[in-house]
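Keep in mind that this is a model prediction, so the values were computed, not measured. The figures that follow rest on heavy atoms only: side chains count, while hydrogens, waters and symmetry mates do not. Throughout, protein chains are lettered first and strands after them, A, B, ... in sequence-line order, and every chain is numbered starting at 1.
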Amino acid sequence: MFALVDCNNFYVSCERAFQPRLEGRPVVVLSNNDGCIVSRSAEAKALGIAMGEPLFKVKDLVQAHGVQALSSNYALYGDMSGRVMGHLASKAPELEIYSIDEAFLSLHGMERWGLDGYAREIRAEVKKRTHIPTCIGLAPTKTLAKLANRVAKKDPSLGGVLLLDSPERRTWALARVPVEDVWGIGRQYATKLHALGITTAAGLAQCSEAMARQHLGGVVGARLVRELQGFPCQALSPSEDGTLKRQSIACTRTFGKSLSAFEDIVGAVAAFASRAAEKLRRQGSVASVLTVFLSQDRFGNTPPPHTRSAQTTLPVASSSTPELVRFARALLGRLWQPGVVYKKAGVILDGFEKGGEGQLSLFAPDGGERVERLMQKLDALNQRFGKGSVQVATALGSRMPTGKSTTPWHGQQQRRTPAYTTCWEELWEVG
DNA sequence: TCTGGGGTCCTAGGACCC
DNA sequence: TCTGGGGTCCTAGGACCC
């Protein structure tokens, strides 16, 4: 049996854990640049505020109902996520961290404990220790566990837990979930399925394999239907030592304002590459593929495509900031055009190998050990004195290296709460 | 005026290999 | 007119997820 533990309105719940006055009120958390709504409290959902909606489109609603709109505070959410996952890891032999607010647990062999009661215990404990409310779905496949979780979230009478351990319960749950709410059914597939007269998860579960393959992206769709029928097709991939090992790492941003000058954009790209390299080192990988993209305003008047990208395979896989910045800069040189107004850029790393196991370079006789030591020092300094204390100069862009002016690509974050748990200057004050 | 930032997996075609 | 069978790697793009 799998359990899927999912935090309710995660970002809003993190904010509420430190600001009890937000309890019972409509609250939303905003994306970067305070642009879109990415997390909503139950009260905000009830007002009809949609997920992903731009803030400016619901400004009236927000004002009329005194909705608290907060900038996103990823330092806080990441830390709270770690705490929740830490508790979950102690509750099951295996844990797969699926996203910042969700994890699959393998409960194989624990059936005799009474899974329903055990799930309620986990839920209560997470709430008590972290103040984060969760819902738990339990079922023989991941897709059914997701579905059970979704039903548990929508139906308060279930007390946050739903166990699907019999054909009767499964049939009951499948019948009450619209097909578009099934894990793996997005907008395109939902439209197709409705046209075919399939409107519920129950209907989808009765689909033939041929039909699933034809309409739902081949083997992916076939697996989805089998999982709904109770035949597991997706195994748990346990997260080693409670952390996620990614297959790709991206750092991308919409700029705070439009940028044209090469020096400004190269500053942004260098900063993104530095950040990506940091994440890469933290998971102990080296990357062999680097992609840079550059976008114009996708809501503006310029016809698509709005994005151009360039990719390169590194001669030797690397996690060195200066090395990756150098290649990123070269790629940017191929993309940037004078006079064009840009709104967004990004750096993506791919093709990972485990650090120390990759192909060695003929031309770096020490195997890159010096650079590795340098990067360790860099990370240690930034850990000790705060993010960005030591950077490659390219990342400063056209700024003077002194002074506190923000970089031209930085956006607004006017409603950010303190990083209560990760920054000495911003510790929680009680009183 | 204002419109996010991450990820995953799969397919298909072309170049190239034996 | 006929002209094999089996791979890999790379790129681009599409669908989905949170």
Side-chain angles (χ1 to χ4, degrees), chain A residues 4-11 28-40 50-60 62 69 71-72 74 77-78 81 96-104 142-143 146 149-150 180-193 212-224 233-234 237 244-258 272 275-276 279 283 288-289 291 293 295-300 304-313 343-352 409-414:
Chain A
L4 188 265
V5 184
D6 189 325
C7 301
N8 304 347
N9 325 325
F10 182 58
Y11 297 168
V28 297
V29 172
L30 306 172
S31 66
N32 201 36
N33 289 341
D34 294 342
C36 292
I37 285 155
V38 294
S39 182
R40 306 159 295 155
M51 179 66 178
E53 195 144 40
L55 177 62
F56 75 88
K57 286 191 179 170
V58 289
K59 209 121 214 182
D60 294 344
V62 165
S71 300
S72 41
Y74 285 102
Y77 311 150
S81 173
E96 175 186 339
I97 298 171
Y98 178 69
S99 74
I100 194 165
D101 73 333
E102 273 176 69
F104 286 102
K142 282 183 166 183
T143 306
K146 284 286 275 187
N149 187 285
R150 192 254 176 211
E180 56 269 25
D181 290 346
V182 172
W183 191 40
I185 300 298
R187 259 217 297 275
Q188 313 280 325
Y189 292 166
T191 306
K192 273 193 197 176
L193 290 170
R213 276 182 189 269
Q214 190 188 338
H215 297 287
L216 305 178
V219 67
V220 181
R223 283 206 286 252
L224 197 167
C233 303
Q234 291 182 256
S237 28
L244 263 180
K245 279 254 197 310
R246 306 240 169 243
Q247 297 178 46
S248 70
I249 287 174
C251 187
T252 72
R253 286 288 178 285
T254 301
F255 306 141
K257 57 181 186 193
S258 298
F272 302 161
R275 180 83 189 95
K279 293 189 202 173
Q283 73 165 40
S288 62
V289 176
T291 308
F293 73 81
S295 304
Q296 294 175 260
D297 186 359
R298 65 193 169 108
F299 301 101
H306 298 115
T307 299
R308 297 207 305 146
S309 70
Q311 193 174 71
T312 190
T313 300
K343 273 299 274 188
K344 178 176 179 175
V347 171
I348 303 161
L349 302 177
D350 268 308
F352 295 167
W409 53 269
H410 263 119
Q412 292 301 305
Q413 273 222 311
Q414 291 182 332

Practice problem: Convert the base pairs of DNA chain B into dot-bracket notation, remembering that pairs crossing earlier ones are written with [ ] and that bases paired across to another strand are shown as |; include only Watson-Crick or G-U pairs under 3.5 Å. | Solution: ....||||||||||||||
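- Here A/F10 lies out of heavy-atom contact (under 4.0 Å) with every strand.
- In summary, the side chains of A/Q413 and A/S71 do not present any donor paired with an acceptor at a separation below 3.5 Å, with no hydrogens or angles considered.
- Residue contacts shown for A/V182 are limited to sugar-phosphate atoms, with no base heavy atom under 4.0 Å away.
- Here A/S99 pairs with A/D101, A/E102 under the side chain to side chain contact (heavy atoms under 4.5 Å, CB included) rule; sequence neighbours left out.
- Not counting sequence neighbours, A/F255 has no partner by the ring pair (Phe, Tyr, Trp, His ring centres under 6.0 Å) test.
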Show the distances under 3.5 angstrom between N or O atoms of the protein and N or O atoms of nucleotides 2-6 of chain B.
{"unit_1": "B/dG4", "atom_1": "OP2", "unit_2": "A/R298", "atom_2": "NH2", "d": "2.5"}
{"unit_1": "B/dG4", "atom_1": "O4'", "unit_2": "A/S31", "atom_2": "OG", "d": "2.7"}
{"unit_1": "B/dG5", "atom_1": "OP1", "unit_2": "A/N32", "atom_2": "ND2", "d": "2.8"}
{"unit_1": "B/dG5", "atom_1": "OP1", "unit_2": "A/T254", "atom_2": "N", "d": "2.9"}
{"unit_1": "B/dG5", "atom_1": "OP2", "unit_2": "A/T254", "atom_2": "N", "d": "3.2"}
{"unit_1": "B/dG5", "atom_1": "OP2", "unit_2": "A/T254", "atom_2": "OG1", "d": "2.8"}
{"unit_1": "B/dG5", "atom_1": "O3'", "unit_2": "A/R253", "atom_2": "NH1", "d": "3.3"}
{"unit_1": "B/dG6", "atom_1": "OP2", "unit_2": "A/T252", "atom_2": "N", "d": "2.4"}
{"unit_1": "B/dG6", "atom_1": "OP2", "unit_2": "A/T252", "atom_2": "O", "d": "2.5"}
{"unit_1": "B/dG6", "atom_1": "OP2", "unit_2": "A/R253", "atom_2": "NH1", "d": "2.5"}

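- Under the side chain to side chain contact (heavy atoms under 4.5 Å, CB included) criterion, A/Q214 pairs with no residue, sequence neighbours left out.
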Identify each atom pair where a protein N or O and an N or O of nucleotides 10-15 of chain B are less than 3.5 Å apart, giving names and distance.
{"unit_1": "B/dC10", "atom_1": "OP1", "unit_2": "A/R223", "atom_2": "NH2", "d": "2.4"}

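- Under the side chain to side chain contact (heavy atoms under 4.5 Å, CB included) criterion, A/A310 pairs with A/L331, A/R334, A/L335, not counting sequence neighbours.
- Residues passing the ring pair (Phe, Tyr, Trp, His ring centres under 6.0 Å) test with A/F104, sequence neighbours excluded: A/Y98, A/W183.
- With sequence neighbours excluded, no residue satisfies side chain to side chain donor-acceptor pair (under 3.5 Å) with A/N33.
- Backbone-only contact: A/E102 has heavy atoms under 4.0 Å from sugar-phosphate atoms and none from a base.
- Taking A/R223 as the reference, nothing meets the salt bridge (charged side-chain N to carboxylate O under 4.0 Å, His left out) condition, with sequence neighbours excluded.
- Contact between the side-chain N/O atoms of A/K257 and the OP1/OP2 oxygens of B/dT1 is not found at any separation under 4.0 Å.
- By the ring pair (Phe, Tyr, Trp, His ring centres under 6.0 Å) test, A/F299 pairs with no residue at all, sequence neighbours left out.
- For A/T307, the side chain to side chain contact (heavy atoms under 4.5 Å, CB included) partners two or more places apart in sequence, or in a different chain, are A/F293, A/S295.
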